[in-house]
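Note that ligands are numbered from 1 as they come in the structure, with each ligand's atoms numbered from 1 the same way.
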Amino acid sequence: MFSSENILILGIESSCDETAVAVVKNGRELLSNVVLSQIDVHKLYGGVVPEIASRNHVEVIDKVCKKALNDANLSLSQIDAVAVTYGAGLVGALLVGVSYAKGLCQASGKPLIAVNHIEGHICANYLTYQSLTPPYMCLLTSGGHTAVVKVLDYDRYDVLCSTVDDAVGEAFDKVARVLGLPYPGGPQIDRLASEGETKYEFHSVVVSNGNFSYSGLKTAVMNLVHNAEQKGERIVKADVAASFNKTAVDGLIDRLREETVKSGLKTVAVAGGVGANGYLRRRLKEFENDGYTVCLPTLNLCGDNAAMIASRGYYMYKNGEFSDLTLNACPTLKLRGDRPDR
Ligand code: KG4
Ligand code: ZN
């Protein structure tokens, strides 16, 4: 038996194209972290096909869960609670994880915890930085969300600005497609950008009210590429990638810096898949020159994983925030504290 100081949470994540299960101790310590990516299947179609994603989750989720328990050297009976992503994400994909988690809880009598995927991404920082505690500033950069967030507590956030159209990860994926790069585009642009020069200038992604807009940047890149094609001019893709990457990231850094200075907080963190971007990480590191503590989750915890869900689940467990077996998927779930007028 484990003492109450050792809370073990089994996390389950299936919101998009990764089937993931992990076991985390006390919200901070990774005991296992299994991620099965479906990228190779979706690559054939140039993006995630929701129906295929759901079917693949169904096929592998039990195997992934057994491996996660096995890697942690634990049985389900030794787990304190099951935490599962119930939104945001693809409804069919989410339902696989939610149904599986409910089945586990029904069979074992363990409590069920419904985790917001975006809150999970923020918690990836607790797994990398054991002593990190709120309040701190966090740049949220995923395929579906882009925001500067003041993390007031483990369950309280103030969303200070966010995107008015596309998310930053979405822009990376769309621009990659324009450049003929395979899915997922973010890592491809990141790699290509490191070989190019930032010789094209695009408008900032920061709009007049301090929010972000990525659709204009995407259109500007498309126009650049198509105009060059029509004129028969050769365009160096690496230069386009580098210029786009810089513009996509610089606006985020500018707004994070402004809000951080205003907040008086001394710690900045990043959350979400685009947090793996090399240029973004270098720009964030620069905050250290001004005396800030910078948290960059390890690369395997930036993208979708279940360890971050288990970490979030731990803090909900401590608050007694449990769900019953009527839990449903919520594809459009927002971060608590997000303002509806944005
Ligand atoms: O957080 P995430 O794994 O899933 C969502 O919750 O959306 O983010 C996925 C996004 C994709 O758009 C992907 O292209 C982008 O993160 N991404 C990157 C990099 N790695 C993943 N974008 C830029 N540079 C990267 N290295
Ligand atoms: Zn995600």
Side-chain angles (χ1 to χ4, degrees), residues 11-20 22 33 35-39 42-43 46-48 50 53 84-90 93-94 97 115-125 138-147 149 162-163 166-179 181-196 205 214 217-218 241-242 244-250 252-253 269-284 296-309 311-312 331-335:
I12 299 177
E13 156 63 38
S14 69
S15 65
C16 191
D17 59 345
E18 261 94 29
T19 320
N33 186 21
V35 181
L36 198 67
S37 172
Q38 305 176 6
I39 283 176
H42 298 289
K43 213 180 228 172
V48 177
V84 63
T85 303
Y86 77 110
L90 303 168
L94 287 165
V115 173
N116 180 325
H117 181 81
I118 311 157
E119 294 185 356
H121 270 303
I122 294 172
C123 289
N125 286 285
C138 186
L139 183 61
L140 180 60
T141 62
S142 75
H145 296 85
T146 310
V149 179
S162 55
T163 180
D166 293 351
V168 57
E170 200 178 344
F172 268 92
D173 294 338
K174 286 178 176 168
V175 165
R177 204 177 297 183
V178 172
L179 294 178
L181 303 170
Y183 174 84
Q188 301 282 340
I189 298 247
D190 189 1
R191 183 188 47 75
L192 198 59
S194 66
E195 298 163 10
V205 295
Y214 278 91
L217 176 59
K218 174 196 67 189
F244 161 77
N245 199 337
K246 178 172 165 33
T247 308
V249 167
D250 283 352
L252 296 173
I253 297 291
V270 68
V274 186
N277 185 265
Y279 176 68
L280 175 68
R281 291 173 84 89
R282 284 198 298 283
R283 292 291 328 264
L284 283 168
L296 302 172
T298 51
L299 293 180
N300 64 327
L301 294 173
C302 286
D304 289 347
N305 66 85
M308 66 186 199
I309 303 304
S311 173
R312 177 70 195 114
T332 57
L333 191 65
K334 296 259 186 298
L335 190 67

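Between the side chain of Thr146 and the main chain of Val168, a donor-acceptor pair closer than 3.5 Å is present. Under the 3.5 Å distance criterion, the side-chain polar atoms of Asn305 are matched with a main-chain donor or acceptor of Leu301. At distances below 3.5 Å, not a single donor-acceptor pair connects side-chain atoms of Tyr279 with backbone N or O atoms of Asn245. Put simply, the side chain of Thr141 gets close to the backbone of Ala271: a donor and an acceptor are under 3.5 Å apart. Side chain of Gln38 to backbone of Ala53: a donor-acceptor contact under 3.5 angstrom is found.
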> Can you check side-chain contact (heavy atoms from CB on, under 4.5 Å) on Leu94 and Thr85, steps first, answer last?
Replying inline: CA-CA 7 Å; Leu94 287 165; Thr85 303; 3.8 Å; yes
>> Run Phe172 and Asp190 through side-chain contact (heavy atoms from CB on, under 4.5 Å) and show every step you take.
In response: CA-CA 9 Å; Phe172 268 92; Asp190 189 1; 5.7 Å; no
> Given the rule in the side-chain contact (heavy atoms from CB on, under 4.5 Å) test, do Leu299 and Arg281 qualify, once you have shown the distances and angles that lead to the verdict?
Replying inline: CA-CA 10 Å; Leu299 293 180; Arg281 291 173 84 89; 3.7 Å; yes
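Of all protein N/O/S atoms, those lying under 2.8 Å from the Zn ion (ligand 2) come to 3.
A heavy-atom cutoff of 4.0 Å around ligand 1 is satisfied by the protein residues His117, His121, Ser142, Gly143, Gly144, Gly169, Phe172, Asp173, Gly186, Pro187, Asp190, Gly272, Gly273, Val274, Ala276, Asn277, Gly303, Asp304.
Among all heavy-atom pairs drawn from Asp166 and Lys174, the shortest one is OD2-NZ, 3.4 Å.
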